[in-house]
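Report on the structure given below.
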Amino acid sequence: MATEDVALAASAEQGILSKPDTHQQSPRSTIVNDFSIQIATVNGSGSQSANSVLLRSIFRMGIPVSGKNLFPSNIAGLPTWYTIRASKDGYVARKKEIDILIAMNAETSKEDMLSLPVGAAAIYEESADLKQFRNDVACYPVPFDKLTADVCPEAKLRKLVKNMIYVGVAAQLLQMDMQAVEAALRKQFAKKVKAADLNWAAVQAGYEYAAANFTKNDPFQLQPMNATEGKIIIDGNAAAALGCIFAGCTVVMWYPITPSSSLVENFIDLAKRYRIGPDGKATFAIVQAEDELAAIGAVLGAGWSGARSMTATSGPGISLMAEFAGLGYYAELPGVIFDVQRTGPSTGMPTRNQQGALLSVAYLSHGDTKHVMLIPGSVRECYEMAMDAFDLAEQLQTPIFVMSDLDLGMNNWMSEPFTYPEKPLNRGKVLSAEDLTRLGGFARYKDVDGDGIGYRTLPGTDHPLAAYFTRGSGHNEKALYTERPDDYVNNMERLSRKFDTARTLVPQAEIVQTGKSKIGLIAFGTSDFATRESRDQLLKEFNLDTDYLRIRAFPFSREIHEFVASHDRVYVIEQNRDAQMLSLLKLDLEAKDIVRLRSIRHFNGLPIDARSITDDLVTQEGI
């Protein structure tokens, strides 16, 4: 149920789908390495380890795989769904349809069963008797409690070990490589040999039961490939934390909030390993502030003093940061803010995905304020753009927002290994004491080079001309207080020039242009994966060629204008209700090109899928 449409779930509740008028389906042609598995459990049941073993076992078989965790925002007790997609073609977006259900939650098992498409398969506790609800689904009832009791004498551990039974059942039915399964399991419990042995016994028990009791009646099968060699599995928050370490970040001020907390937690672990001096003392500072407003204030203060500093938050935290974000823009203070987006408004659904903070971040604060946003579209870019963000913050002397989301930040993704950074850190226009002696002084907010970026000094620079006032009130080129209209206009126009300079410094758009299509697609962030898959569907099913541009930053680089101008219709694909990226594009494009834009929106809290994009575009095109 969790990853199906609301209408389908409602139909199930009303009993519309309860007894399809069909006979048991005969097995279809074998479907190899191209299906999704959904494990329905309860939050806090310990299923995370089993799900990770299943995911990594498929990965070890050389099959492209992705995993998505749909979990409640409470601590324990509510339904949780974990979806694994195996795709021989390398597709990693959420698949709209569920092919194999592992139903471990009695509370949702009926609804989960009813939401399956015809021809799917279901593994479930035999006492649930889910076969009564569907005769067009391959059913595999398993006595989980009995099998668990046989391998785990200690009653208090059975709830955890029970999950490994379904790993073994699935492994047998899908013809998985058991060496890969054992290797994944022992890696999961690398420091706990006894736990590994106990859980491996449970996997074997599930495997043996399935082999002895089931006749396979579904088409799904896994076969070894060689498509994951050399690749890694990592989540976006961990990748971003690694990028922060390589970027030279030494100050983190934060307030915990889902789904960004693990970014800072990963940074803390890395800092404890790699930010300890020869004297054994930490060379970093990490402070949990009283709220998000205090956190960004301290980040900007640390950036002003010369430290590379950051915070991580989500929508509600962004709302609280508005006041200091405006100070950072106007007083020109460097700092990095990771916004791992979730649904809103207000508390919203803290553990659901959305790209819903674009407009609020782009203009965060009152007055004429515009912020730079970097928009990673993969875990690799989480790593790379984390490093880019710290360089840009100091080059542009302004807060930089890195716009990830829950799907990218908290879920597991395949990736090529990250590249070790070789270029030196870019600290921007910083004057030393020697520079000041040579120049005879400086004006902090004077546009010397025509790019809108002034020169700065750092506190402690040993020179009588190094000091200046940093203020959020009106100021002139020399940082002196003023309310003169011409000084204000000059300063604001300079800041606008700086924003134009940012267009040339931020990551440029990625373009796939066939030269044959008058239809263009624009996406960004995690919408990229589903968009690429949708392009293949459109070509294969409708013979429709499309061009594609992926936005990677705001302000927009000029090639985005050219892309829109070169197509009759451009569909902007995004995960929010109000077409926020489309709105930003309308503010940036020439009036004659705005009419070319169309919108494809997805905002139910689930990660966007390719089929939804394809269906929407085909409808709008009238195909």
Atom pair [atom1] ([X]) and [atom2] ([Y]), whose distance is rounded to the nearest 0.5 Å:
X: L406; Y: N353; atom1: CG; atom2: CG; value: 5.5 Å
X: E574; Y: S527; atom1: CD; atom2: OG; value: 8.0 Å
X: D291; Y: I296; atom1: CG; atom2: CD1; value: 11.5 Å
X: M104; Y: S47; atom1: CE; atom2: OG; value: 9.0 Å
X: I257; Y: T313; atom1: CD1; atom2: OG1; value: 4.5 Å
X: T41; Y: Y82; atom1: OG1; atom2: OH; value: 11.0 Å

With distance as the sole test, does [X] use its side chain to make a donor-acceptor pair with the main-chain N or O of [Y] at under 3.5 Å?
X: T228; Y: F59; value: yes
X: T80; Y: F71; value: no
X: E292; Y: M321; value: no
X: R158; Y: C152; value: yes
X: Y383; Y: T419; value: yes
X: K95; Y: R85; value: no
X: H371; Y: F401; value: no
X: T369; Y: G326; value: no

Side-chain donor-acceptor pair under 3.5 Å between E107 and N105, yes or no?
->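 Judged by distance alone, the side chains do not pair up.
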
Please list, chain by chain and in numerical order, all residues satisfying side chain to side chain donor-acceptor pair (under 3.5 Å) with T526, sequence neighbours excluded.
->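 By the side chain to side chain donor-acceptor pair (under 3.5 Å) rule, T526 matches D405, Q575.
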
Residues in side chain to side chain donor-acceptor pair (under 3.5 Å) contact with Y455, at least two apart in sequence or another chain |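 Partners of Y455 under the side chain to side chain donor-acceptor pair (under 3.5 Å) test: D449.
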
Is the closest side-chain heavy-atom distance between [X] and [Y] below 4.5 Å?
X: R552; Y: M385; value: yes
X: L70; Y: R94; value: no
X: V252; Y: I268; value: no
X: L585; Y: I522; value: yes
X: I37; Y: Y166; value: no
X: I39; Y: I84; value: yes
X: Q355; Y: I375; value: no
X: H475; Y: Y481; value: no

Take atom [atom1] in [X]; do more than 12 heavy atoms of anything else shown fall under 6.0 Å from it?
X: K429; atom1: NZ; value: yes
X: Q508; atom1: CD; value: yes
X: D500; atom1: CG; value: yes
X: R471; atom1: CZ; value: yes

Run the side-chain contact (heavy atoms from CB on, under 4.5 Å) check on Y330 and L495 step by step: do they pass?
-> CA-CA 8 Å; Y330 194 47; L495 288 170; 3.9 Å; yes

Before giving the answer on ring-ring contact (aromatic ring centres under 6.0 Å, His included), spell out for F554 and F499 the whole-Å C-alpha distance, their side-chain angles and the decisive distance to 0.1 Å.
-> CA-CA 10 Å; F554 175 81; F499 199 69; 5.6 Å; yes

Please identify each residue that fulfils salt bridge (Lys or Arg N to Asp or Glu O under 4.0 Å) with [X], with sequence neighbours left out.
X: D588; result: R503
X: E154; result: K156
X: D435; result: R438
X: R494; result: E332

Check residues 187-194 and write down every donor-acceptor pair under 3.5 Å in which the side-chain atom is one partner and the other belongs to a residue at least two apart or another chain.
residue: Q188; atom: OE1; partner: S52; partner atom: OG; Å: 3.0

Looking at V361, I400, V402, which hits side-chain contact (heavy atoms from CB on, under 4.5 Å) with M373?
->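 That would be V361.
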
Let me check something: any side-chain donor-acceptor pairs from residues 390-398 under 3.5 Å, sequence neighbours excluded? List them with distances.
residue: D391; atom: OD1; partner: R308; partner atom: NH1; Å: 3.3
residue: D391; atom: OD1; partner: R308; partner atom: NH2; Å: 2.8
residue: D391; atom: OD1; partner: N426; partner atom: N; Å: 3.0
residue: E394; atom: OE1; partner: R308; partner atom: NE; Å: 2.9
residue: E394; atom: OE1; partner: R308; partner atom: NH2; Å: 3.1
residue: E394; atom: OE1; partner: R427; partner atom: NE; Å: 2.4
residue: E394; atom: OE2; partner: R427; partner atom: NE; Å: 3.0
residue: E394; atom: OE2; partner: R427; partner atom: NH2; Å: 2.8
residue: E394; atom: OE2; partner: R456; partner atom: NH2; Å: 2.9
residue: Q397; atom: OE1; partner: R444; partner atom: NH1; Å: 2.9
residue: Q397; atom: OE1; partner: R444; partner atom: NH2; Å: 3.0
residue: Q397; atom: NE2; partner: G454; partner atom: O; Å: 2.8

Contacts under 3.5 angstrom, residues 275-289 side chains, donor-acceptor by atom type, not counting sequence neighbours:
residue: R275; atom: NE; partner: C249; partner atom: O; Å: 3.4
residue: R275; atom: NH2; partner: I245; partner atom: O; Å: 2.5
residue: D279; atom: OD1; partner: K281; partner atom: N; Å: 3.0
residue: T283; atom: OG1; partner: R275; partner atom: O; Å: 2.8

Any residue meeting side-chain contact (heavy atoms from CB on, under 4.5 Å) with K478, in chain and number order, not counting sequence neighbours =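 For K478, the residues satisfying side-chain contact (heavy atoms from CB on, under 4.5 Å) (neighbours in sequence not counted) are A443, N476, L480.
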
Least distance between heavy atoms, [X] atom then [Y] atom:
X: F418; Y: L242; answer: CD1-CD2, 4.0 Å
X: T258; Y: S314; answer: O-CB, 3.7 Å
X: C382; Y: G236; answer: CB-O, 3.6 Å
X: S404; Y: G409; answer: OG-N, 3.9 Å
X: V53; Y: A184; answer: O-CB, 3.8 Å
X: L327; Y: G472; answer: CD1-CA, 3.7 Å

If you look only at pairs with a residue in residues 231-258, which of them pass as a salt bridge (charged side-chain N to carboxylate O under 4.0 Å, His left out), with sequence neighbours excluded?
->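 Output for this query lists K231-E416.
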
Quick one: which residue pairs count as a salt bridge (charged side-chain N to carboxylate O under 4.0 Å, His left out) with a foot in residues 339-356, not counting sequence neighbours?
->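 Counting only pairs at least two positions apart or across chains, no salt bridge (charged side-chain N to carboxylate O under 4.0 Å, His left out) contact touches residues 339-356.
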
Apply salt bridge (Lys or Arg N to Asp or Glu O under 4.0 Å) to the pair E381 and R550, showing each step before the final yes or no.
-> CA-CA 13 Å; E381 287 191 342; R550 179 167 67 91; 2.8 Å; yes

Can we call the ring centroids of W413 and F529 under 6.0 Å apart?
->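 Centroid distance W413-F529: below 6.0 Å, so yes.
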
